[in-house]
Amino acid sequence: MTDIVINTSNIVHPVSPMLYGIFFEDINYGGDGGLYGELIANRSFEYYEREVNPPAHAEGAPDIQTMCWETLNGCRFTIGKRFPLSKAHSNYAHLSGEAGSGLRNLGFCGEGLAVREGQAFRFSCYARNPLPMKLTVRFADKSGDLYGSKTFSLVRCGHGWSRYRLTLTATGSCRQVYPEILLESEGTLDLDLISLFPEDTFLSRENGMRRDIAEMLQALHPAFMRFPGGCIVEGRSFDNMYRWKDTIGPLSERPTNWNRWQMEEYQLDGRSSADYFQSYGLGYYEYFLFCEDIGAKPVPVMNAGMTCQWHEALLADMNELDPWIEDILDLIEFANGSEDTPLGRKRAEMGHPAPFGLEYIGIGNEQWGQVYFERYEAFEKILSEKHPEIKLITCAGWTAEGEDFDTAYRWMEANRNRAYAVDEHFYKSPQWFLENIRRYDGYDRSLPKVFAGEYAAHTHEDTSKRVCNWFAALCEAAFLTGVEKNSDHVVMSCYAPLLGRTGRQQWQPDLIWFDNESVYGTPSYYVQLLFGNNLGASLVETSLAEDTAAEPAASASQATAISPAALAGGAIQTSSTLSEDGKTLYVKLVNLADRNLEVTLKTDRPVSACRRFTLAADPEDVNSHAKPRRVSPVEDTLPGIHPAGTKDLPLCLKRYSVTVLACTLI
Ligand code: AHR
């Protein structure tokens, strides 16, 4: 029996209210083809040959601008360029054919979309037609069966573009249909920005997010969202860098950028990601709005005048950093400026007169070395002078130890006040997470605070063999108890990456997986959910008199065996926090042992009720589309609590489990 003694009257330190957040990057088709509700791939015919070799597009393959589209019934389809919709949308579809000819969109990754009977979709397109004509838009499966159809007239004729919108309702349910656009009679026309959204996007917003994925994110109650990357912020070339101004304003004025993740070998079976682009339909306005919708503070990461250091590592000259610094000044105006400022007015015109309340900005993603810090200093000098209210986040490189990491800390020792926080990234083995539970205990509190901006326990060195199992999640949970204990200094944290399209990922593990029909959280997702939703405002003194020998599991396979070194810190890891009003005590208990452990929780104040959430599974267990909640929390009420209050709470911690208690204190 182990006693866990909690003294709520001894507050150790305040807990950062920003401790648990999310990190969104458009990787694994997480943005276009994922969270962003658009269902048409290559909607503006703007896919293009990337400038970084090797070429994405195989020789002899159809024109890259027509990628994701197929012709139907002899339609003649070419890419028009002479009279474009806008500078940013310089291509369009030029079609001619007989009645019944037209185009089919293959959807993201060629997977079309799933429809439910009665589900309504918003279809829209720009059209230009010399003569009046009719079009039909419909859902058809590969065998030609129809799941909804609507015919509409293109009444406006001539040289200009006209926008048409309609609602298309599915007449049946099908796992994979394709949107088709057909000419009703022989004719010629131009089409551009062909778009299809489910009507029931998250909060029913137009140009909104896919509801089921967004709700999974909302359920985490993330304190912040770091976005839009990740490596896509840096890009692989100057043209490929993420420039936020490309992503605001009308969709018809947002250019397309290739997604640098299309260059990563597709991890599971070598399929190409050459169709992976950023439409920027999910842009900075949408990111800010989504943050507001889910109650998360926005934490944009801005380019530091450098492309990805893993690859080309191109550098903007030190004398030519102004455009990148101005980009950040402008972003602050767009987010926070009054309607009297040009960019504040732009925000208002887009539909949000009130400021978005931007407080944090990351300068660079995962950068390292002298080349980074000299650039950071140039950015910081101007930004801190013009916007001392903004908290700047610097980088500690690509991993949380070693020469590059030490260089970052040496820079911070010499520049203690030049960053609010430093962004540490660690993709490490589960054992590493256990061995590092006390990592932050000795951190110098006079240095910038820590933002654990990307982390995940990787079960294998080979990406394709990594799994999102309970063992990884359990080790992350144990590590997070150490983070909570140091949450005066580790002020923000987020798992990475967030989203993966099943079978089309460039990176794994990911926190949440989705396909066209469903979405599920990994065991790590449920750890994040329990930890983030049960967090108090102050850390309280907790001591553990453990008599449990922390022996390695006899039954565990090699992959999930916890080493003696990792267990040296004890089989039970715990942290306790008290709510701001002092009425709720949150206790997290992680049992790393291969057997159930009996413990008694001894609290200085009586507990009158206690909700318990238990996550327990075999180390190798995973969730899947078929079994989305195989590893998920079970909620119950702790039995045996006297209504007048109980100070000793006996409980059993299941083998390999996370238990989270929310105790009402008298
Ligand atoms: O999260 C995936 C990638 O890992 C990020 O884009 C990058 O910052 C890191 O290398």
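Both backbone and side-chain heavy atoms feed into the values below; hydrogens, waters and symmetry mates do not.
- No more than 12 heavy atoms of other residues, nucleotides or ligands shown are found within 6.0 angstrom of NZ on Lys87.
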Intermediate values then yes/no, side-chain hydrogen bond (donor to acceptor under 3.5 Å, both in side chains), Ser204 and Glu199: CA-CA 6 Å; Ser204 303; Glu199 238 178 38; over 6 Å; no

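- Note that Lys150 lies outside the cation-pi zone of Phe123, set by a 6.0 Å cut-off to the ring centre and a 45° limit from the axis.
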Chi angles and distances behind the side-chain contact (heavy atoms from CB on, under 4.5 Å) call for Glu380, Ile363: CA-CA 9 Å; Glu380 187 272 340; Ile363 309 295; over 6 Å; no

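- Relative orientation of the Trp507 and Trp261 rings is perpendicular, given thresholds of 30° and 60° on the angle between their planes.
- Seen from the ring of Phe23, Arg226 counts as a face-on cation partner, given the 6.0 Å and 45° thresholds.
- At a cut-off of 3.5 Å, with distance as the only test, no side-chain donor of Ser173 or Glu117 sits close to an acceptor on the other residue.
- Ring-centre distance between Tyr178 and Tyr147: not below the 6.0 Å cut-off.
- Remark: the backbone N or O of Phe356 is not paired with any side-chain donor or acceptor of Glu292 at under 3.5 angstrom.
- With no hydrogens or angles considered, no side-chain donor-acceptor pair links Ser149 and Thr136 at under 3.5 Å.
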Derivation of the side-chain hydrogen bond (donor to acceptor under 3.5 Å, both in side chains) call for Tyr495 and Asp510: CA-CA 8 Å; Tyr495 182 100; Asp510 305 300; over 6 Å; no

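- For Tyr47 and Asn91, the side-chain atoms include no donor-acceptor pair closer than 3.5 Å.
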Worked verdict on Glu49 versus Trp258 for side-chain hydrogen bond (donor to acceptor under 3.5 Å, both in side chains): CA-CA 9 Å; Glu49 193 64 78; Trp258 65 277; over 6 Å; no

Worked verdict on Asn73 versus Glu98 for side-chain hydrogen bond (donor to acceptor under 3.5 Å, both in side chains): CA-CA 8 Å; Asn73 306 321; Glu98 310 295 319; over 6 Å; no

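- Taking 4.5 Å as the limit, every side-chain heavy atom of Phe24 sits out of range of all side-chain heavy atoms of Leu217.
- No side-chain donor-acceptor contact under 3.5 Å links Gln65 and Glu46.
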Verdict with supporting geometry, Leu182 and Leu72, side-chain contact (heavy atoms from CB on, under 4.5 Å): CA-CA 8 Å; Leu182 304 174; Leu72 297 168; 3.7 Å; yes

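- Formation of a donor-acceptor pair under 3.5 Å by the His387 side chain with backbone atoms of Glu389 is not found in this model.
- For the 3.5 Å distance criterion, the side chains of Gln505 and Trp513 fail to qualify, holding no donor opposite an acceptor.
- Enclosure of atom NZ in Lys245 by more than 12 non-hydrogen atoms of other residues, nucleotides or ligands within 6.0 angstrom is indicated.
- For Tyr280 and Asn257, the side-chain atoms include at least one donor-acceptor pair closer than 3.5 Å.
- Between Tyr48 and Phe277, the distance from one ring center to the other falls under 6.0 angstrom.
- Between Tyr287 and Tyr284, the angle of the ring planes goes over 60°, which puts this pair in the perpendicular group of the 30/60° scheme.
- With no hydrogens or angles considered, a side-chain donor-acceptor pair links Arg501 and Asn516 at under 3.5 Å.
- Shown here is Lys81, whose NZ atom has more than 12 heavy atoms of other residues, nucleotides or ligands within 6.0 Å.
- Listed for the Asn105 side chain is no donor-acceptor partner under 3.5 Å among the backbone atoms of Ile40.
- The two residues Gly30 and Tyr276 come nearest to each other via the heavy atoms N-OH, 3.5 Å.
- Using modelled atom types, no side-chain atom of Arg504 and backbone atom of Asp515 make a donor-acceptor pair closer than 3.5 Å.
- Listed here is the closest heavy atom pair of Met263 and Val52: SD-CG1, 3.7 Å.
- The existence of a salt bridge linking Arg345 and Glu339 is excluded, since no basic side-chain nitrogen approaches an acidic carboxylate oxygen closer than 4.0 Å.
- Between Ser96 and Thr188, the closest heavy-atom pair is CB-OG1, 3.5 Å.
- A donor-acceptor pair shorter than 3.5 Å can be found between the side chains of Tyr372 and Thr394.
- A donor-acceptor pair is defined here as one N or O able to donate and one able to accept, closer than 3.5 Å; such a pair exists between the side chain of Thr171 and the backbone of Gly148.
- For the residue pair Ala378 and Leu321, the shortest heavy atom distance occurs at CB-CD1, 3.8 Å.
- Side chain of Glu333 to main chain of Leu343: a donor-acceptor pair is present (N/O by atom type, distance under 3.5 Å, no hydrogens or angles).
- Just one of Arg116, Arg122, Arg210 meets the salt bridge (charged side-chain N to carboxylate O under 4.0 Å, His left out) condition when paired with Asp200; it is Arg116.
- With no hydrogens or angles considered, a side-chain donor-acceptor pair links His311 and Arg260 at under 3.5 Å.
- A pairwise comparison of heavy atoms in Phe227 and Pro298 identifies CE2-CB, 3.8 Å as the closest pair.
- For Arg243 and Trp324, the positive end sits near the middle of the six-membered ring, less than 6.0 Å away and at most 45° from its axis.
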Test side-chain contact (heavy atoms from CB on, under 4.5 Å) applied to Ile382 and Leu329, step by step: CA-CA 9 Å; Ile382 296 174; Leu329 295 172; 4.3 Å; yes

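- Figure legend: Lys391 and Tyr360 shown as a cation-pi pair, the cationic atom lying under 6.0 angstrom from the six-membered ring centre and within 45 degrees of its axis.
- Side-chain N or O atoms of Tyr525 include one that pairs as donor or acceptor with a backbone N or O of Met216 at under 3.5 Å.
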Check against ring-ring contact (aromatic ring centres under 6.0 Å, His included), Tyr92 and Trp161: CA-CA 11 Å; Tyr92 51 88; Trp161 289 99; 5.4 Å; yes

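- With hydrogens and angles disregarded, a donor-acceptor distance shorter than 3.5 Å links the side chain of Ser86 to the backbone of Ser252.
- Under the 3.5 Å distance criterion, the side-chain polar atoms of Asp26 are matched with a main-chain donor or acceptor of Asp32.
- When all heavy atoms of Tyr36 and Gly281 are compared, the pair lying nearest together is OH-CA, 3.3 Å.
- Under the 3.5 Å distance criterion, with hydrogens and angles disregarded, a donor-acceptor pair is assigned to the side chains of Tyr29 and Asp275.
- Cation-pi check for Arg205 over Phe197 is not met; the charged atom does not lie both under 6.0 angstrom from the ring centroid and within 45 degrees of its normal.
- With no hydrogens or angles considered, a side-chain donor-acceptor pair links Asp423 and His425 at under 3.5 Å.
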Candidate pair Leu499 and Asn28, rule side-chain contact (heavy atoms from CB on, under 4.5 Å), full reasoning: CA-CA 7 Å; Leu499 299 176; Asn28 307 317; 5.9 Å; no

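- Residue Arg156 qualifies as enclosed at atom CZ: its count of foreign heavy atoms under 6.0 Å is above 12.
- Between Thr71 and Ser101, the closest side-chain pair of non-hydrogen atoms is not below 4.5 Å.
- A donor atom on one side chain and an acceptor atom on the other are not found under 3.5 Å apart for Ser279 and Arg254.
- Of the N and O atoms on the side chains of Gln506 and Ser273, at least one donor lies less than 3.5 Å from an acceptor on the other residue.
- No side-chain donor from either of Asp190 and Asn129 sits under 3.5 Å from a side-chain acceptor of the other.
- Between the side chain of Thr307 and the main chain of Glu234, no donor-acceptor pair closer than 3.5 Å is present.
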